[in-house]
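One structure is given here, and the rest of the page talks about it.
This is a predicted model, so every value here is computed, not measured. Convention: sequence-line order gives letters A, B, ...; per-chain numbering from 1.
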Amino acid sequence: MPGALLYSTNAFMKLLIQQRYRRDVHYVWCSEQYDSRMLSAYSAASLLPPSSNPADIYRQLKIDTDHGDANSLKIREQKLLFATLAVRWEKSGEITTADKDDMIYLINNSPFSLWRPLVYVIPIAAIGTRLRRVPAEQWGGGSPEHVIEDLRRSEFDIIEFQT
Amino acid sequence: MIHSLSGRSRDEVERTLAEVAARVLPQPFPETEFQEFDQQLLTEIKKIIGLPPADQSRKALSRIYAYLYKEITSESLSSQRASDARGRLGRRGELPPGDYNIEFKPWFKYHEEKLGIRKSAVENAMRHPDQVEHLSHEHLKARGFAPLSIYAKSRLEEADHFTLLVVSSRQEAKQTIFGAWRVYHADVDLRGSITPLQMLHAFFDRYGQEFTVGDSAPQKLILDEVYPLPDWYGAGSPDMDLFRVYGLASAGNAGFTRGYSRVNPLGVIEVAIAVTLNMTKYARDLRRHGVKTS
């Protein structure tokens, strides 16, 4: 059973895109802890690898955006994801061709500062049955992961660390 | 060119690559299994970008992502479609700040530069703002005015804290500077001013000069207002005849009035923005802060 909060690290660009093109409804993939490294070494949750640990994703994306790393795996992954979504949403009639082109223009031309990481902190109480548990074979480690497909902006807080 | 996709329309290629990308990217609920065709396509992509077929490293994955992204977006990023997208985003104020072209009107040289504001400082404030606020987009657009934006960039590391405020109007991806002013925190009461618009109001409360438009009540800053055309206004007269500034001449002060306004064929005066600045008072305060004015 998850605790009171869920955590998800996302690029600022994702927030902008979901606000603009999804009517401020957010799709998030989240974990039950922010930093698995802070947990007991003898707990299954501590086995979360860096690619799934919100704190590690945050650190890596922060380094990549601060240094303007054009080869960043995470930024390339996010760019490809949004390009793919733009094509899919256009195909399903959710956005127009102009919207798709606008989205792709933004993805392609935004400065690194718009890819900086944000932590979404999600109180679980209001989510109820909208929380979907990710199949165990898709988890990055030994800790459950969840998806919320229709999170409203009023249902989570955003934290950004100044380092 | 990906050989496996030859003979397909550009639209089909885009969609096929998007579907393959969706299966390559991490996903919580895999929709479909990796197909033989996907594998064939990936093998070909690896060959095109010079990766060994068995390479499954993070570096290889990163290059595959970059290749797929380039192929999927190439049509949307063709020069005409990208230019149209830039224009649309600019009109809505959604372009990244650094992506706008910036235009200075001749008045900048005769007012702002004489008050110690350089073009480079304005460009820096617009490309790297602390805050930006886009004003009443729909109203102004409906009245045929270009939408307005206010940028704020603070210099708090200096002993004399100030914020550079820049007001601009947007025509697609071009920003035309309406005005730029240094707001010294020691001189202007910014308590309660959080947004750039609130700062602009606070600035003109201090340095604005009261003026009227037609028979309006005297104000120091007008934003997005409509006034009836007064009886005394003659057809064909310059719009600036509608502006009456109070107090400058009697106090021996210099000033300027600046505005975007027009007389509507229906007989009303539409104002996007109008201000009058008491330059004598403002320049005197700027000199106290060591700003060279002329």
Side-chain angles (χ1 to χ4, degrees), chain A residues 13 16-17 19-21 27-30 50-52 69-92 96-115 132-135 137-140 145-149, chain B residues 10-31 57-100 127-129 173:
Chain A
M13 177 60 77
L16 295 179
I17 284 176
Q19 282 176 336
R20 175 75 182 83
Y21 299 100
Y27 182 104
V28 292
W29 189 341
C30 43
S51 59
S52 296
D69 181 0
N71 297 321
S72 159
L73 175 64
K74 193 68 188 171
I75 294 175
R76 283 183 171 178
E77 176 197 293
Q78 293 291 296
K79 283 187 168 185
L80 179 59
L81 172 67
F82 297 133
T84 301
L85 288 172
V87 171
R88 284 183 154 192
W89 292 341
E90 183 211 19
K91 186 181 169 189
S92 63
T96 63
T97 303
D99 287 336
K100 180 188 76 174
D101 287 356
D102 293 357
M103 227 177 111
I104 288 175
Y105 184 91
L106 269 182
I107 296 163
N108 204 57
N109 293 282
S110 291
F112 283 99
S113 59
L114 292 190
W115 294 97
R132 286 183 70 190
R133 194 177 168 103
V134 174
E137 62 270 24
Q138 300 302 122
W139 298 354
E145 296 175 24
H146 307 270
V147 162
I148 308 165
E149 295 178 346
Chain B
R10 179 58 231 174
D11 204 36
E12 275 182 279
V13 169
E14 188 180 89
R15 288 172 186 188
T16 305
L17 290 174
E19 291 313 308
V20 172
R23 289 193 276 276
V24 172
L25 287 163
Q27 48 183 325
F29 309 106
E31 295 160 30
S57 62
R58 284 168 59 85
K59 201 171 170 183
L61 195 58
S62 178
R63 289 183 60 192
I64 291 168
Y65 286 167
Y67 182 83
L68 280 169
Y69 170 76
K70 186 166 73 73
E71 288 295 314
I72 290 171
T73 59
S74 66
E75 195 73 2
S76 286
L77 293 174
S78 64
S79 62
Q80 187 55 53
R81 284 173 66 174
S83 168
D84 291 347
R86 186 166 177 251
R88 282 189 298 271
L89 290 163
R91 272 198 297 280
R92 295 198 298 265
E94 292 174 5
L95 270 185
D99 209 4
Y100 286 99
R127 304 223 181 276
H128 309 285

Quick one: CG on A:Leu80 to CG on B:Leu68, what's the gap to the nearest 0.5 Å?
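Atom-to-atom, A:Leu80:CG and B:Leu68:CG are 5.5 Å apart.
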Hey, could you give me the NZ/OG distance between A:Lys74 and B:Ser62, rounded to the nearest 0.5 Å?
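Spacing of NZ (A:Lys74) from OG (B:Ser62) equals 12.0 Å.
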Answer with side chain, backbone, both or neither: which region of B:Arg88 has an atom nearer than 4.5 Å to a non-hydrogen atom of chain A?
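Looking at B:Arg88, just its side chain touches chain A.
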Part of B:Pro26 lying under 4.5 Å from any heavy atom of chain A
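Both backbone and side chain.
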Is there a donor-acceptor pair closer than 3.5 Å between any side-chain N or O of A:Arg76 and the backbone N or O of B:Tyr65?
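Checked: no pair found.
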Counting heavy-atom pairs closer than 4.5 Å to chain B, which one of [options] comes out on top?
{"options": "A:Asp102, A:Ile104, A:Leu106", "result": "A:Asp102"}
{"options": "A:Asp101, A:Ile107, A:Thr97", "result": "A:Asp101"}
{"options": "A:Ser113, A:Ser72, A:Pro111, A:Ala98", "result": "A:Ala98"}
{"options": "A:Lys79, A:Lys91, A:Arg20", "result": "A:Arg20"}

Do A:Tyr105 and B:Asp84 have side-chain N/O donor and acceptor atoms under 3.5 Å apart?
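The answer is no; no qualifying pair exists.
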Toward chain B, the part of A:Asn71 with a non-hydrogen atom under 4.5 Å
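Just its backbone gets close to chain B.
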Is it the backbone or the side chain of A:Arg88 that comes under 4.5 Å from a heavy atom of chain B, or both, or neither?
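Side chain of A:Arg88 only, per the 4.5 Å heavy-atom cut-off to chain B.
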Can you give me the closest heavy-atom contact between [X] and [Y], atom names plus distance?
{"X": "A:Arg133", "Y": "B:Phe29", "answer": "O-CE2, 3.6 Å"}
{"X": "A:Pro135", "Y": "B:Pro28", "answer": "CD-O, 3.4 Å"}
{"X": "A:Leu81", "Y": "B:Leu25", "answer": "CA-CD1, 3.6 Å"}
{"X": "A:Thr84", "Y": "B:Ala18", "answer": "CG2-O, 3.1 Å"}
{"X": "B:Gln27", "Y": "A:Trp29", "answer": "C-CH2, 3.5 Å"}

Does the pair A:Lys100/B:Glu75 count as a salt bridge with the N-to-O cut at 4.0 Å?
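A salt bridge is absent here (no side-chain N lies under 4.0 Å from a carboxylate O).
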What do you reckon, is CZ of B:Arg58 surrounded by more than 12 foreign heavy atoms closer than 6.0 Å?
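Atom CZ in B:Arg58 is not packed in, count stays at 12 or less.
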